[in-house]
Q: 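If you scroll down you'll find the structure; I have some questions about it.
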Amino acid sequence: MLAEPFNWHPGMWKMLVVVMCVALLGCLQAQELQEHVSIILLGATGDLAKKYLWQGLFQLYLDEAGRGHSFSFHGAALTAPKQGQELMAKTLESLSCPKDMAPSHCAEEKDQFLQLSRYRQLKTAEDYQALNKDIEAQLQHAGLREAGRIFYFSVPPFAYADIARNINSSCRPGPGAWLRVVLEKPFGHDHFSAQQLATELGSFFQEEEMYRVDHYLGKQAVAQILPFRDQNRKALDGLWNRHHVERVEIIMKETVDAEGRTSFYEEYGVIRDVLQNHLTEVLTLVAMELPLNVSSAEAVLRHKLQVFQALRGLQRGSAVVGQYQSYSEQVRRELQKPDSFHSLTPTFAAVLVHIDNLRWEGVPFILMSGKALDERVGYARILFKNQACCVQSEKHWAAAQSQCLPRQLIFHIGHGDLGSPAVLVSRNLFRPSLPSSWKEMEGPPGLRLFGSPLSDYYAYSPVQERDAHSVLLSHIFHGRKDSFITTENLLASWGFWTPLLESLAHKAPRLYPGGAENGRLLDFEFSSGRLFFSQQQPEQLVPGPGPAPMPSDFQVLRAKYRESPLISAWSEELISKLANDIEATAVRAVRRFGQFHLALSGGSSPVALFQQLATAHYGFPWAHTHLWLVDERCVPLSDPESNFQGLQAHLLQHVRVPYYNIHPMPVHLQQRLCAEEDQGAQIYAREISALVANSSFDLVLLGMGADGHTASLFPQSPTGLDGEQLVVLTTSPSQPHRRMSLSLPLINRAKKVAVLVMGRMKREITALVSRVGYEPKKWPISGVLPHSGQLVWYMDYDAFLA
Ligand code: BG6
């Protein structure tokens with residue numbers, strides 16, 4: 001019997017169409033999900049790869065392969081194929097699975113991972129072209145759509161440029177697929193070299209293609225700082241500021257030393273190795289204004305950069321440095337240095353950082369790290385002020401209520417007595433809320449942390465501990481750029497640390513024996529913007545013929561320069577001497593006349609002086625001080641180039657000078673800058689004549705330019721070197737060209753003139769001006785000769801000891 005032809009009615013047609021569409025969509029989705037990612041690990045047989053990266057890649061595979069992605073892993077190095085393959089195989093053999101995975105499942109997954117991983121030698125341009133071909137062939141063969149390629153540079157930075165060039169020219173993925181290159185520190189040695197490296201990499205890759213790793217951003221407790229602040233906004237809003245925070249400590253202590261890596265360490269030292277990157281990143285996460293959306297990479301970066309802008313510049317006195325005693329010996333041995341060699345590289349550093357913004361002004365941030373210390377531990381500790389007095393006796397204090405117990409919040413990065421990452425919040429602060437990936441923890445009985453028993457804290461630890469590199473690999477895979485260092489971020493950080501590194505370059509670090517024997521030798525204190533060791537250096541610790549020179553060994557030198565008194569010292573002592581002298585002059589003037597008229601220069605030299613006056617001179621009679629400008633650039637007063645801005649940022653915002661005693665130069669009138677017809681110079685001159693008796697300032701602070709200029713009076717200036725005018729408009733050879741300046745005749749009416757000269761760049765002019773006579777046309781500084789006042793030169797050794 002013939003089968004009856006199927007009777008199609010219109011409803012069935014419709015149904016079939018729907019079913020087919022759903023099936024087709026399903027196919028399309030399935031195809032979309034089958035996106036392929038190629039991961040190329042450069043330096044696949046190196047230490048970092050062996051210790052963390054292969055394990056991290058395996059974890060990534062376990063997490064993501066089940067979700068529709070396919071992978072191939074290309075281990076690459078310079079090593080020849082056979083040897084490289086063997087080395088890589090050894091590492092892959094030792095990969096481990098999560099604790100809760102059944103052994104049979106683990107073996108299966110590992111086996112699949114091994115099948116997807118191949119070693120290849122990547123040395124020449126042809127090797128890279130071949131890699132590209134292989135990836136393309138594989139995609140075509142398996143009918144896969146390419147999602148993207150990750151190139152992980154686990155190689156020394158000198159190799160970056162070559163690899164980058166090869167990737168850029170022959171290994172970019174096709175249209176629609178992404179490229180992500182992952183870079184490991186060091187990213188330069190100082191601001192200049194970081195800038196160079198960034199420019200070089202920028203010529204091969206777009207900013208969004210680069211993922212600079214700071215593995216501390218992958219540490220679970222560090223990665224939790226912003227989410228924690230976000231989730232506990234309500235409780236923290238009122239507490240996270242200068243009124244409530246006593247201080248912040250950001251610490252990374254290590255027991256290991258630098259043996260075996262002195263060739264790297266000798267070039268970097270602890271500040272470059274740890275403080276410039278890991279600890280600074282933690283600092284910015286603690287200190288930044290909390291973005292509305294903490295997972296917006298763009299907002300996080302913007303807020304980070306704002307922290308950098310508000311960091312007060314570091315001076316030599318902001319830091320103490322140490323070196324474990326056997327370090328020099330290790331360097332001599334590993335780097336074949338002569339017996340007489342003593343390294344100055346610090347292996348320990350503690351630095352006092354201040355953030356000059358409304359939230360953090362006055363709160364000390366201590367950054368500290370060192371090798372060969374007594375324990376391995378890392379944490380960021382926020383210690384809150386305690387202004388409560390408890391009437392009941394201590395035995396009635398309950399941890400959750402007593403305001404008299406310490407109040408602190410600790411992001412415990414790892415190790416230490418706790419042995420794991422954790423977030424600790426004193427019970428008398430608030431009960432925190434954490435995501436479900438964190439659980440309440442219990443420590444060993446009797447454990448005390450940061451001065452309190454563990455039971456005094458709400459303590460949380462991650463449900464599953466994860467290695468930092470594995471966390472970051474997952475973020476790279478998901479394109480989460482907020483956990484990486486952008487070029488701007490990197491340069492801002494180097495911009496902050498480089499001046500300190502330069503000023504410490506010749507400082508002898510304090511030697512310490514290492515481990516528990518360090519005793520109290522490295523303990524430090526801080527006050528008035530400076531940080532110092534609590535104990536004097538015991539001389540017996542210093543090996544060799546004599547003790548290492550300490551700053552106090554250099555006396556302030558008094559002599560004559562151009563027949564006037566000269567005070568010379570290392571910059572730090574010099575600034576502190578000048579600040580003391582200015583304060584003494586101010587106190588005398590206020591005692592005699594009721595007010596003190598001080599005219600200040602702009603530029604970079606006086607910044608340290610302003611900071612010193614702002615932080616260490618509580619007896620300064622600011623309420624009776626009038627502040628004038630020696631010169632100004634013709635830019636709006638709010639422009640960062642404006643001298644007034646410098647004064648505002650480094651001095652005015654920290655001291656209490658009455659507003660009506662502050663006299664910026666009127667360079668911006670009628671919405672234009674330094675127009676002759678607006679008569680700004682004449683207005684300033686009239687203001688001076690009206691307020692300063694005889695137009696004679698009590699003290700004028702000048703600088704000396706490398707061309708012999710002073711104030712904004714430049715060689716060959718047609719105005720301001722003589723004549724009647726008190727204030728003049730001038731032209732500078734460097735930008736911004738137009739300036740307003742006090743004239744020499746006005747300066748020379750002052751009761752006292754101090755000329756501050758600092759830095760190596762001033763050596764030549766210092767030597768030259770010491771020999772010339774009165775020739776203000778050629779060297780305006782030579783025209784500074786107060787009629788009846790006193791002239792004093794303040795020069796640091798860098799400028800003076802030519
Ligand atoms: C590295 C430094 O970046 O961090 C090392 O180069 C240091 O000197 C290491 O030992 C510490 O990292 P961790 O993850 O062990 O705390």
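Both counts, for ligands and for their atoms, begin at 1 and track the order of listing.
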Q: Under a 4.0 Å heavy-atom cut-off, what residues line ligand 1?
A: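 Contacting ligand 1 under 4.0 Å are Lys185, His215, Tyr216, Lys219, Met252, Glu254, Arg261, Asp273, His278, Lys371, Arg376.
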Q: Between Pro346 and Phe348, is any pair of side-chain heavy atoms under 4.5 Å apart?
A: no
Q: Which atom pairs, one a donor and one an acceptor, fall under 3.5 Å between side chains of residues 197-206 and the rest of the protein, sequence neighbours left out?
A:
| from | atom 1 | to | atom 2 | distance (Å) |
| --- | --- | --- | --- | --- |
| Thr199 | OG1 | Gln195 | O | 2.7 |
| Ser203 | OG | Glu200 | O | 2.6 |

Q: Under the side chain to side chain donor-acceptor pair (under 3.5 Å) test, which residues partner Asn166, sequence neighbours left out?
A: none
Q: Got Leu279 and Met252 here, is their nearest side-chain heavy-atom distance under 4.5 Å?
A: yes
Q: Can you sort out the partners of Pro499 under side-chain contact (heavy atoms from CB on, under 4.5 Å), two or more places apart, ordered by chain and number?
A: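 Pro499: no side-chain contact (heavy atoms from CB on, under 4.5 Å) contacts found.
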Q: Answer with yes or no whether the side chains of Asp63 and Gln59 bring together a donor and an acceptor at under 3.5 Å.
A: yes
